[in-house]
Amino acid sequence: MFNSLSDRLSATFKNLRGKGRLSEADVDATVREIRRALLDADVAVPVVREFTAKVRERALGAEVNAALNPAQQIVKIVNEELVEILGGQTRRIRLAKNPPTVIMLAGLQGAGKTTLAGKLSKWLKGQGHSPLLVAADLQRPNAVKQLQVNGERAGVPVFAPHPGVSSEFEAATGDPVAVAQAGLAEARAKLHDVVIVDTAGRLGVDAELMQQAANIRAAISPDEVLFVIDAMIGQDAVATAQAFNEGVNFTGIVLSKLDGDARGGAALSVATVTGKPVMFASTGESLDDFEVFHPDRMASRILDMGDVLTLIEQAEQAWDKDEAARMAKKFADQEDFTLDDFLAQMNQIRNMGSMKKMLMMMPGAAGMRQQLEQFDEREIDRVEAIVRSMTPHERVAPKIINGSRRARIARGSGVHVSEVNGLLERFGQAQKMMKKMAGGGMPGIPGMTGPGAGGSRKAGKNSPKKKARSGNPAKAAQQLREAEEKRAHRGSAAPTGAAFGAQGQDFDPSALNLPKGFDKFLGK
C-alpha cells in the first residue's frame with residue numbers, strides 16, 4: 001500500500017548519507033522532498049504541514065547538531081513523527097467489566113465491514129473469547145448471507161433473525177435496531193463474552209445512514225464503535241471519517257484493503273484529523289489477513305526498516321509446537337534429516353501465510369521489491385507434489401534417486417526433471433546445514449570453528465600451512481608418521497587433565513563427552 005511513499009522517503013534519505021554535518025539548506029531540501037512524498041501519497045495537507053514543521057524544527061535543533069551521524073538522526077526524527085501521526089501507541093480493545101463486550105462496526109458500503117466482522121471474530125476466538133456475530137445490515141443485498149458464510153468459515157455463530165434483502169430492487173423491511181437489541185440478549189443468554197454488530201452502510205454519507213447508526217448505538221450502548229474505512233479511497237477518507245465521527249462518535253479505526261496498490265496516504269491522516277486511534281488493519285481476502293495496528297511497526301515498514309516483531313508473532317501463532325519438538329528431538333538424537341522433514345518444514349512456512357508479505361517485512365525489502373513481486377507462491381505446492389511422487393524409501397534415502405527415478409518423479413508430479421534436480425540440490429544443502437546444527441554449531445558464522453561451526457578457518461599470516469599429502473605411498477607414510485609425532489609432542493606439553501592445550505595444540509575428544517562415533521569424524 002505505501003510502496004510509493006516508502007520509495008520516495010528512502011531515496012530522500014540516501015542523499016544524506018556520508019555527510020558529517022548537515023547545513024540548514026540540507027535540512028530544508030530534505031523536508032521539501034518529504035513534503036512532496038507525503039502530498040503525492042494523498043496525505044491530507046494540514047497533516048503534511050504539521051508533520052514537516054515538526055521535522056524541520058527538530059532537525060535544526062541540538063539533537064541533530066550534537067549527533068555523531070546527523071543523517072541517521074534525521075531518519076530517527078521522521079520515524080518518531082510518523083509514529084505520532086499514525087496514532088502514537090498501540091490501542092487494544094477495551095473489554096467490558098461485565099460481559100458481553102459489545103463492538104459495533106460502522107462505515108460506508110463497500111468498505112469491507114462484513115468481511116472485517118468475520119476476521120475480527122476469528123481473531124477474537126483465537127484470543128480465547130467466545131464471540132457472536134449479529135447481522136444488523138438488512139439493507140445491502142445478501143449482506144446477511146455473506147455474514148453467515150464468514151461466520152461459518154471463522155467457526156463463530158451468527159445471530160440472523162431477519163434474512164435481509166436478496167436484490168437491489170427489494171425494499172428493506174426489517175428493523176436493524178431491534179435485531180441489534182435481540183442479538184445482545186442472545187449473547188447474554190448463550191454466555192458469549194463478545195458481540196460484534198454488523199451495520200448497514202451507504203454509497204455516500206447521508207442523514208438516513210447516520211441516523212440509523214446513531215439509533216443502533218443508543219440502543220445497545222457499545223463498548224467500542226469501530227469505523228471501517230477503505231484505505232484506497234484517497235482524500236475522501238478524511239471527510240468521511242470526520243462525518244462518521246460527528247454522527248456516531250466512533251472509538252477506533254480499522255483500515256481495510258491495506259494490501260491494495262493505491263497510494264493510501266490518506267489513511268495516514270485519519271488518526272490525526274479525528275483524534276481516534278487506528279486499531280486494526282485488514283491486509284487481504286483471507287480471514288487470517290488481519291492484524292493489530294502498531295503505529296511504530298507501520299512507521300518502520302514505511303521507512304523500509306522492516307517489521308520483524310510482527311513476523312515473529314505470526315510465526316508463533318502458525319508454528320506447530322509438536323512438529324518443532326519432534327524436529328528438536330531428531331537433532332538431539334543425531335538422526336538424518338529426510339525429505340519428509342523437509343516437506344514438513346515447508347508446510348510450516350506455508351501455514352504462516354503469504355511468503356511475499358513475510359519477506360516484505362524484512363529490513364531493506366524495498367530494494368528487492370521487483371524480485372519479490374515475481375516470486376511464485378505456488379512453489380511450495382510444486383515441492384510437495386515432487387516429494388509426494390517419491391516412494392517412502394526415496395524420501396529417506398534420496399541418494400538412490402538416479403536418472404530413471406528422477407524422470408518417473410517428474411512425470412508423477414507434472415514438472416520438468418530440472419525442477420526435481422533443483423529440489424534435490426536444495427535438499428542436499430539443507431541436509432548439510434541441519435547436520436552442522438546438530439553437531440553443535442551454527443553454519444556460516446565467521447570466526448566460529450570446530451565441529452559443526454560452518455565458519456571458514458582461513459590461515460593467518462603466522463598460521464602454519466597444511467602440507468599437501470604426497471602421491472608416493474612411501475613418502476606419504478613418512479609424512480603421516482611425522483605428523484603423528486608432532487601431535488604427540490604438542491599433547492605432552494598440555495597441562496595435566498586439561499581437555500585443551502594452548503593455542504594451536506590438539507585436544508582429546510573423550511573429554512568433551514561427544515556422541516558415539518564422533519571421534520572418527522575428528523580423525524581420532
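Note that this is a predicted model, so its numbers are computed, not measured. As a basis for the values below, the full set of heavy atoms in this structure was taken, side chains included, without hydrogen atoms, waters or symmetry mates.
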Exercise. Given R140 and T114, is the side chain to side chain donor-acceptor pair (under 3.5 Å) satisfied, shown in steps?
Worked result: CA-CA 11 Å; R140 182 171 62 86; T114 305; 3.0 Å; yes

Is the closest side-chain heavy-atom distance between [X] and [Y] below 4.5 Å?
| X | Y | result |
| --- | --- | --- |
| I409 | V417 | no |
| L423 | E419 | no |
| L133 | F159 | no |
| K122 | V156 | no |
| L124 | I103 | yes |
| H294 | Q89 | no |

List the atom of [X], the atom of [Y], and the distance in Å for their closest heavy-atom pair.
| X | Y | result |
| --- | --- | --- |
| L184 | P100 | CD1-CG, 3.9 Å |
| L424 | P398 | CD2-CB, 4.4 Å |
| V195 | A187 | CG2-CB, 3.2 Å |
| P131 | H192 | O-ND1, 3.5 Å |
| N150 | T115 | ND2-CA, 3.7 Å |
| G183 | V134 | CA-CG2, 3.8 Å |

If the threshold is 4.0 Å, N to carboxylate O, is there a salt bridge linking [X] and [Y]?
| X | Y | answer |
| --- | --- | --- |
| R408 | E394 | yes |
| R91 | E224 | yes |
| D137 | K113 | no |
| R94 | D223 | no |

Seminar exercise, completed: dist I401:CD1 -> L339:CG (nearest 0.5 Å) comes out at 6.0 Å

For this session: Please determine which of V228, I253, L255, V254 meets the side-chain contact (heavy atoms from CB on, under 4.5 Å) test together with F280.
Result: V254

For this session: Tell me whether the guanidinium CZ or amine NZ of K276 lies under 6.0 angstrom from the six-membered ring centre of F250 and within 45° of its axis.
Result: yes

